[in-house]
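Every chain is numbered from 1 and lettered A, B, ... according to where its sequence line falls, protein lines coming before strand lines. The model shown is predicted, which means the values in this text are computed figures rather than measured ones. These values consider heavy atoms only, across backbone and side chains, with no hydrogens, waters or symmetry-generated copies.
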2 protein chains.
Amino acid sequence: METASLTGKEAAAALNAETTELAAALAARGRAPRLALVVANADPASAWYVNSLRKSATNRGIECDTIDLGTDADSAGLRAELAARTADPAVDAIMLQTPLPAGVKLEDVAAAIGAEKDVDGVSPLSLGLLAANTPVFAPATAEAVVVLLKRHGIELTGRHVAVVGRSNVVGKPLAQLLLAENATVTVAHSRTADLAAVTSAADIVVAAAGRAGLIRAEHVREGAVVIDVGTNEGPDGSIVGDVDAESVRGRAAALSPVPGGVGPVTTALLMRHVVRAAERSAQV
Amino acid sequence: METASLTGKEAAAALNAETTELAAALAARGRAPRLALVVANADPASAWYVNSLRKSATNRGIECDTIDLGTDADSAGLRAELAARTADPAVDAIMLQTPLPAGVKLEDVAAAIGAEKDVDGVSPLSLGLLAANTPVFAPATAEAVVVLLKRHGIELTGRHVAVVGRSNVVGKPLAQLLLAENATVTVAHSRTADLAAVTSAADIVVAAAGRAGLIRAEHVREGAVVIDVGTNEGPDGSIVGDVDAESVRGRAAALSPVPGGVGPVTTALLMRHVVRAAERSAQV
């Protein structure tokens, strides 16, 4: 079987074109959308990601402030900063970067981001609105998986999707989104007894475990669709997914590449969310 | 195979004894726990349930106010009432009864219940705190399933659990609780293509679809454990579950009865939550 490549560039380009147009319309009406990126680490991968978000924002016509609180920031300081940006009418959208300083828990500080500005859907209220089927913003990576599947014409209603990984930022919110699309959803993880048995029963496998090469041919039913959310550092420093592409190719009907699959759609969705947040605040 | 009966009375009795003792301790320190039941319907089943909750509360030493807003109540009125009870320091816990008046959505009004008083875990924030693994109160029916399984010594780590039903009040929060217990979780529902194939792959099947007799022998693997969350009205007016007990008996290793399974544990957990809310507010 030839394995199709589920690239993200087409979905990202379509979203980006729309975002650029909407941002220009907002700027023409008086104010460009504004994103605040809050950072409290000295991690090179985070710095690289912040830089790429800033570039994306600029390319779309979105103003972008980076607020670096340093590695000594504590929960109270982070919460105060996030609450101040939530209260600031000049800021439309807020993203909190990880990793956070030692001892600071994402759930504790994310609650200070107002749901209407929480464009990556990390706060407990955002997660709860998603769980109640009334989301403001879903976590962008999780939403990107659904957008990528739909863009490639892959039906979700009645299909069985296995999500490997139960993180609060990808696996669990993705399960909510897939249920809302009428998929049957299995969430597997590090404590799953027989991972291959579980995933090979599924029509679609989404790998979001953060373990390079975890998903191999034996985890995938012939003809299944495989989405790779992993972004792990390979032995040579390159980015590698959670799927062993060599092993799965020829068995899966389709596989999303890493890089170039879920990643560009995630960034495009974040920018789309920023504009949506700005449109909402312009209406108030 | 003989099918064991997973009754809820032992778990309920243990919880109730603990709750009664804790409520008495709070009363001795100055104030008994206080629950507000907010009603806006004329439904006989709801009236029966409210009455049984009032009796349970009284038996535990919990004060209970019923606030009936009538069937004409609108979203704004319900939200105002729930916000007032949330602000009232004399009230420790709030439960909103369903059904709600036509046009009123649970998600809209439940947001007005403060998480610290939301003893049935219905507000979006409560659902999100559960999704973020930092729950204040989980929905009591979902939690009752886990308590019942544990009480009967049924291991969850690494086991595959199929939850049939994706409601915001049972199926979806139960999936979160089971993932936190290290189970592999599948959520199936009315749009699932081949329900029997999905559920018969599981070690444990939880029926929470609200359809009498939905789960039969062909849905259950020999030796599986079956939990019945359903409370449907049978042809003769009696309460019947989602599981066809006749059909499953002899095939399942264990089955929870309806009534007498999940139900009494749910009520006991609600009262336990009321006392926990009162203990928290006494500490503030």
**Request:** Check whether any side-chain heavy atom of A:Gln176 lies under 4.5 Å from a side-chain heavy atom of B:Gln176, and answer yes or no.
**Result:** yes
Sub-3.5 Å donor-acceptor pair from the side chain of [X] to the main-chain atoms of [Y], do we have one?
{"X": "B:His160", "Y": "A:Asp194", "result": "no"}
{"X": "B:Lys172", "Y": "A:Ala131", "result": "yes"}
{"X": "B:Arg191", "Y": "A:Ala183", "result": "no"}

Does any heavy atom of chain A fall under 4.5 Å from the side chain of [X], the backbone, both, or neither of them?
{"X": "B:Thr134", "answer": "side chain"}
{"X": "B:Ala162", "answer": "neither"}
{"X": "B:Val187", "answer": "both"}

**Prompt:** So which heavy atom on B:Asn168 is nearest to which on A:Ala132, and how close?
**Reply:** ND2-O, 3.4 Å
**Request:** For A:Ala193 and B:Gly158, work out which heavy atoms get closest and say how close.
**Result:** CB-O, 3.4 Å
**Fill in**
Looking only at B:Val122, B:Leu125, B:Leu106, most heavy-atom pairs under 4.5 Å shared with chain A are made by B:Leu125
**Request:** Tell me, out of B:Leu129, B:Leu178, B:Val185, B:Asp108, who's got the most heavy-atom pairs with chain A below 4.5 Å.
**Result:** B:Val185
**Message:** A:Thr186 and side-chain contact (heavy atoms from CB on, under 4.5 Å): which single residue from B:Val161, B:Val198, B:Thr184 fits?
**Reply:** B:Thr184
**Request:** Please step through side-chain hydrogen bond (donor to acceptor under 3.5 Å, both in side chains) for the pair A:Asn133 and B:Arg166, ending with a clear verdict.
**Result:** CA-CA 11 Å; A:Asn133 280 347; B:Arg166 55 175 161 168; over 6 Å; no
**Complete:** Checked A:Leu130, A:Thr192, A:Thr157, A:Asn182 vs chain B; the most non-hydrogen pairs under 4.5 Å come from A:Asn182
